[in-house]
Amino acid sequence: TWSILDGSLPSGLTLSSAGTISGTPTASGTATFTAQVTDSLAPAPQTATQSFDLLVADPLTITTTALPSATIATPYHQSLSASGGVPPYSWAITNGQLPPGLTLAADGTISGTPPSAASSAFTVQATDSNTPPQSTTKALPLAVLTPLTITTPSTANGTLDQPYTASLAAVGGTAPYTWTLSSGALPSGLSLDPAGTILGTPTTPGTFLLTVQATDNSQPLSQSTTHPFSITIIAPLAITTAVLPAALITTPYTNTLDALGGTAPYTWTLSSGTLPSGLALSSAGTISGTPTAAGTAAFVAAATDAATPTQTATQPLT
């Protein structure tokens with residue numbers, strides 16, 4: 001005949017007189033109790049006692065809900081986690097496989113350097129140290145992405161008091177990307193929206209240094225990268241030559257057109273009309289030659305600067 005002499009069983013469990021502990025435990029923890037057994041010897045039965053510890057563990061549960069994406073050629077290190085049961089836990093893959101270059105250690109650490117883009121689905125199993133042990137499984141995906149890289153050139157130009165728009169671009173990671181300024185400031189009048197468009201009308205000339213940041217949409221952990229960037233706001237290109245001196249028949253003639261603003265050097269062309277016979281306009285802006293006939297010639301000169309994108313200004317001349 002069995003009974004509890006001292007202490008108590010975990011809540012929800014009972015000891016029968018036949019010596020069976022049974023029931024459904026309702027709370028975790030360790031219960032310490034002393035059991036007594038009495039035999040059937042008559043008229044003086046014998047008794048014996050024994051102290052016991054009975055652990056009620058929480059159910060073993062894998063608490064890792066998702067794994068952050070890995071990146072090609074970048075060392076990866078992520079630990080799986082579990083709760084309940086009796087730590088420590090041992091881990092294994094029971095179905096599927098990790099992306100190439102990655103391995104799962106018995107302590108639940110996924111590590112390695114993936115050599116190529118991949119997407120894998122696999123099932124992990126956690127086993128606790130209870131006696132007998134508990135085990136549980138969970139299916140998890142893991143993607144290996146190309147590195148997030150900003151591809152927009154590092155420099156750009158805009159024109160003072162003229163509408164400006166430029167779109168930042170990136171590759172790799174998981175689109176869509178979110179864009180912010182991580183340092184510096186845009187020229188007055190310009191702003192950067194989260195989609196990566198810089199737009200507005202610049203109101204201050206000069207060169208502005210800043211760092212843009214792109215953040216991708218990888219889940220549960222996004223990638224971010226930064227890129228130095230400069231915007232130069234230049235004055236509008238304008239031709240300042242308004243009047244040309246007259247030329248004389250059979251007399252050598254030379255005159256250089258002038259411009260300001262934009263980005264020198266300038267390239268000159270005829271936009272329309274023609275020069276007097278015997279004269280030509282060089283790409284450097286010099287009209288030269290020896291006129292061969294009297295008369296008046298009307299034409300339009302065009303100057304294009306060296307900025308990217310270019311500016312072009314025109315000027316009618318006689």
Side-chain angles (χ1 to χ4, degrees), residues 146-173 175-216 224-242 244 255-275 280-288 298-317:
T146 54
L148 179 61
T149 305
I150 295 173
T151 58
T152 304
S154 296
T155 59
N157 295 321
T159 305
L160 186 68
D161 297 326
Q162 293 186 13
Y164 177 90
T165 183
S167 294
L168 303 176
V171 295
Y177 311 118
T178 301
W179 297 84
T180 56
L181 284 181
S182 63
S183 67
L186 287 163
S188 176
L190 299 185
S191 61
L192 171 64
D193 68 22
T197 301
I198 300 173
L199 73 167
T201 300
T203 58
T204 305
T207 297
F208 299 83
L209 303 178
L210 52 126
T211 300
V212 294
Q213 176 174 288
T215 302
D216 79 346
S224 290
T225 188
T226 60
H227 189 63
F229 198 66
S230 69
I231 299 179
T232 299
I233 304 301
I234 55 181
L237 177 62
I239 296 174
T240 55
T241 299
L244 291 172
N255 193 79
T256 299
L257 304 178
D258 293 317
L260 56 76
T263 301
Y266 311 121
T267 301
W268 295 81
T269 57
L270 286 180
S271 177
S272 64
T274 58
L275 287 163
L281 173 63
S282 73
S283 61
T286 300
I287 299 173
S288 61
F299 61 95
V300 176
T304 301
D305 74 352
T308 303
T310 60
Q311 295 187 63
T312 297
T314 58
Q315 175 69 43
L317 293 167

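Note that the structure is predicted; figures quoted are calculated from it, not measured.
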Holding to side chain to side chain donor-acceptor pair (under 3.5 Å), I want the full list of residues that pass it with S188, two or more places apart in sequence or in another chain. T203
Looking only at heavy atoms, which two atoms of T207 and S230 are closest? And how far apart? CG2-CB, 4.4 Å
Contact summary for S182 and T226, nearest pair of heavy atoms: OG-CG2, 4.0 Å
What distance do I287 atom CD1 and F299 atom CZ have between them, rounded to the nearest 0.5 Å? 4.0 Å
When rounded to the nearest 0.5 Å, the distance separating OG1 of T263 from CD of Q311 is 7.0 Å
side-chain contact (heavy atoms from CB on, under 4.5 Å) for L257 and L244? Distances and angles first, verdict last. CA-CA 9 Å; L257 304 178; L244 291 172; 3.8 Å; yes
How about I150 and F229: do any of their side-chain heavy atoms sit closer than 4.5 Å? no
d(L237 CG, T159 OG1) to nearest 0.5 Å is 9.0 Å
Within a strict 4.5 Å, meaning less than it, do heavy atoms of the L281 and L275 side chains meet? yes
Between T256 and T241, is there a side-chain heavy-atom distance shorter than 4.5 Å? no
Where S154 and H227 come nearest, the two heavy atoms and their spacing: OG-NE2, 3.1 Å
Separation between OG of S271 and CD of Q315, rounded to the nearest 0.5 Å: 11.5 Å
Please answer whether the main-chain N or O of A169 pairs with a side-chain N or O of T152 as donor and acceptor at a distance below 3.5 Å. yes
Is any side-chain heavy atom of S191 closer than 4.5 Å to one of L199? yes
Tightest non-hydrogen contact, residues T201 and P163, listed as OG1-CA, 3.8 Å
T312 and T304: side-chain donor and acceptor closer than 3.5 Å? yes
To the nearest 0.5 Å, atom OG1 of T232 lies from atom CG of L209 at 8.0 Å
Is there side-chain contact between I231 and I198, with at least one heavy-atom pair below 4.5 Å? yes
Can you check whether L168 reaches L192 side chain to side chain, under 4.5 Å on heavy atoms? yes
Would you check, one step at a time, whether the test side-chain contact (heavy atoms from CB on, under 4.5 Å) holds for I233 with T204? CA-CA 7 Å; I233 304 301; T204 305; over 6 Å; no
State, with a plain yes or no, whether a side-chain heavy atom of L260 is found less than 4.5 Å away from one of D258. no
Quick check: closest heavy atoms across Y164 and G158, and the distance to 0.1 Å? CD1-CA, 3.7 Å
Interatomic distance, CD1@I234 vs CG@L160, rounded to 0.5 Å, equals 9.5 Å
Closest approach of L190 and G200, non-hydrogen atoms and distance? CD2-C, 3.5 Å
